[in-house]
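Structure, as structure tokens:
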2 protein chains.
Amino acid sequence: MDTEKEVIARNLMEVFYQFSRLNWIQNSPTGLRHSELIVLHCISRRTKEGAPGIKVSEISSILKVTSPTITQILNGLYTKGLIERCADKDDRRAVPVRLTEKGRIVVEESSESFLKSFTELIEYIGEKPAEELVCLLTRVVAYFERKKEKTVI
Amino acid sequence: MDTEKEVIARNLMEVFYQFSRLNWIQNSPTGLRHSELIVLHCISRRTKEGAPGIKVSEISSILKVTSPTITQILNGLYTKGLIERCADKDDRRAVPVRLTEKGRIVVEESSESFLKSFTELIEYIGEKPAEELVCLLTRVVAYFERKKEKTVI
DNA sequence: TTAATATAGTTAGATTGCTTAACTATTAAC
DNA sequence: GTTAATAGTTAAGCAATCTAACTATATTAA
């Protein structure tokens, strides 16, 4: 006989699974992969803050993936002419990247449709519930990340 | 200048990203992949309901992946001795699968630790908030799945 | 100053989790 | 009986990572 908690736990697992297979990142008309879009936005965000570029290690750290992962994604974006690689004047090892004009256009367009998609989601579930969702998911993330640390030790 | 909704939208995107990269399926001591664990549990659930086995198409439908995906996972589980393939007496095409004794043991052990992990999560965020989370995520899933249908047409 | 250590990024290879295409055997519909 | 649909399988391909190994550069220690 399941306890109340066990029922909730099962429901959580199930909805987590469903979410895990969700395409909340919409497909790009320009044929970019999801990972590429995310990195593009990451670069855009940083350069909007006034930085001349963003380094592989910074993207890697922000997105919590390894730098070879970022390098491969950047290679794709570079091939598609959406980013350029610069030289860092303080550190010859570093390779800051920034958007090309083409990249900026792509980011702008996808930002708009992205934002539209999410503001509509907020309208769908309500503003207060959306804020609540952010809060709850943040705590879920915190729980599992702390659990992961414990497991490692 | 960002509107309130845009701020919430950004926060949602960010926490969705973090959540999507979360390992809420814990690693199996027996070296099983996450996908294998999920399929094992799917089989277990159905056979607990009294069915003699579950077909590829049923798993495929429940988990919302294609049948070649399921076949490949089943191949792995079969190799590891965790499932057996049966003959369907009504339809010679169908291949119902069920757990071996070994598979039952694996499912039992992982079910326990799985459930423990999630009941602790529920204790962490609270029972009412956990129920709220199920509800909210379910609506998020519904929103994006409906949005996907629209896009296809 | 030189040597040892650490760091930034890259390439290559491997794994996982899917998908689609093509196929065979079987079943259902006409 | 013939045609169309279905169940499952195999093979190949793609996306999204990771680790290992490497080179060049910067930092630290001797």
Side-chain angles (χ1 to χ4, degrees), chain A residues 16-28 30-40 42-43 53-80 83-97 148 152, chain B residues 17-28 31-40 42-43 53-80 83-97 148 152:
Chain A
F16 278 18
Y17 176 77
Q18 285 167 17
F19 183 82
S20 74
R21 296 190 42 69
L22 207 48
N23 275 340
W24 57 271
I25 300 173
Q26 49 195 62
N27 294 325
S28 161
T30 47
L32 292 180
R33 309 175 198 158
H34 291 171
S35 56
E36 286 173 331
L37 281 171
I38 289 179
V39 170
L40 270 185
C42 194
I43 296 168
I54 180 169
K55 297 191 261 191
V56 171
S57 48
E58 287 175 297
I59 304 177
S60 164
S61 171
I62 290 167
L63 299 181
K64 298 212 168 81
V65 293
T66 61
S67 46
T69 302
I70 299 299
T71 296
Q72 311 266 37
I73 295 168
L74 290 179
N75 285 347
L77 293 173
Y78 183 78
T79 297
K80 292 169 185 175
I83 63 161
E84 58 188 357
R85 283 175 161 122
C86 317
D88 192 285
K89 53 184 179 306
D90 298 322
D91 187 342
R92 304 237 328 256
R93 299 170 302 179
V95 187
V97 294
K148 185 168 132 196
V152 168
Chain B
Y17 177 76
Q18 286 167 16
F19 183 63
S20 70
R21 291 185 45 72
L22 210 47
N23 275 340
W24 55 271
I25 300 173
Q26 49 194 64
N27 294 324
S28 162
L32 293 180
R33 309 176 198 156
H34 291 169
S35 56
E36 286 173 330
L37 281 172
I38 290 178
V39 170
L40 270 185
C42 195
I43 296 167
I54 180 170
K55 298 192 261 191
V56 171
S57 47
E58 287 174 296
I59 304 176
S60 164
S61 172
I62 290 167
L63 298 182
K64 299 213 169 80
V65 293
T66 61
S67 47
T69 302
I70 299 301
T71 297
Q72 311 265 40
I73 294 169
L74 291 178
N75 285 347
L77 294 174
Y78 183 78
T79 298
K80 291 168 186 174
I83 62 160
E84 57 188 356
R85 284 174 160 123
C86 317
D88 191 286
K89 54 185 178 313
D90 298 323
D91 187 342
R92 299 225 347 246
R93 299 171 300 183
V95 188
V97 294
K148 182 170 135 197
V152 169

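Just so it is clear, the model here is predicted, and its values are computed rather than measured.
- The interatomic distance linking A:Ile70 (CD1) with D:dA15 (P) rounds to 16 Å, in whole Å.
- In terms of polar N and O atoms assigned as donor or acceptor, the side chain of B:Arg93 comes within less than 3.5 Å of the base of D:dT6 in a complementary pairing.
- The minimum heavy-atom distance between B:His34 and B:Asn23, with the atom names listed, is CE1-OD1, 3.8 Å.
- When the P atom of C:dT10 is taken as reference, atom CG of A:Leu77 falls 13 Å away, rounded to whole Å.
- Closest approach of A:Ser67 to A:Ser60, counting heavy atoms only: N-OG, 3.7 Å.
- Distance CG (A:Asp90) to C1' (D:dT25): 13 Å, rounded to an integer number of Å.
- For the atom pair OH of A:Tyr17 and CG of B:Leu63, the computed distance is 4.0 Å after rounding to the nearest 0.5 Å.
- Atom C1' of nucleotide C:dC18 and atom NE2 of B:His34 are separated by 15 Å, given to the nearest angstrom.
- Residue A:Ser35 has a polar side-chain atom (N or O) positioned under 4.0 Å from OP1 or OP2 of D:dA16.
- To the nearest angstrom, P of D:dA7 lies 16 Å from CG of B:Leu74.
- Atom CD1 in A:Ile73 sits about 12 Å away from atom P in C:dT10, given to the nearest Å.
- Annotation: the span from B:Cys86 atom SG to B:Ile54 atom CD1 amounts to 12.0 Å, rounded to 0.5 Å.
- Nearest-nucleotide positions on DNA chain C for A:Ala94 and A:Thr69 put A:Ala94 closer to the 5' end.
- Applying the 4.0 Å criterion to OP1 and OP2 of D:dG8, one finds that B:Asn75 has every side-chain N and O outside that range.
- Taking atom CG on A:Asp88 and atom C1' on D:dA24, their separation rounds to 14 Å, with Å as the unit.
- Comparing the end axes of the helix from C:dT1-D:dA30 to C:dC30-D:dG1, each fitted to five base pairs by superposing C1' atoms of four pairs onto the next four, gives an inter-axis angle of 10° (nearest 10 degrees).
- Residues of residues 55-68 of chain B that place a heavy atom closer than 4.0 Å to DNA chain D, in numerical order, are B:Lys55, B:Val56, B:Ser57, B:Ser67, B:Pro68.
- From B:Phe19, atom CZ reaches atom CH2 of B:Trp24 across 7.5 Å, with rounding to the nearest 0.5 Å.
- Distance alone, capped at 3.5 Å, is enough to place a donor-acceptor pair between the B:Arg21 side chain and the A:Lys64 backbone.
- Taken to the nearest 0.5 Å, the CD1 atom of B:Ile38 stands 9.5 Å off from the CD1 atom of B:Ile70.
- To the nearest 0.5 Å, atoms CG (A:Leu77) and CZ (A:Arg85) are separated by 9.0 Å.
- When the nearest nucleotides of DNA chain D are assigned to B:Pro96 and A:Arg33 by heavy-atom distance, the more 5′-ward of the two goes with B:Pro96.
- In this structure, B:Arg21 does not reach the D:dA16 phosphate: none of its side-chain N or O atoms is under 4.0 Å from OP1 or OP2.
- With A:Ser61 contributing its side chain and A:Ser57 its backbone, the two residues share no donor-acceptor pair below 3.5 Å.
- As rounded to whole Å, 17 Å separates atom P of C:dG17 from atom CG of A:Asn23.
- Comparing atom distances between the B:Gln72 side chain and each of C:dG9, C:dG13, C:dT19 picks out C:dT19 as nearest.
- The structure places CD1 of A:Ile83 at 10.5 Å from CD1 of A:Ile73, a figure rounded to the nearest 0.5 Å.
- Listed nucleotides: C:dC18, C:dT26, D:dT9. Nearest to the side chain of B:Arg92: C:dT26.
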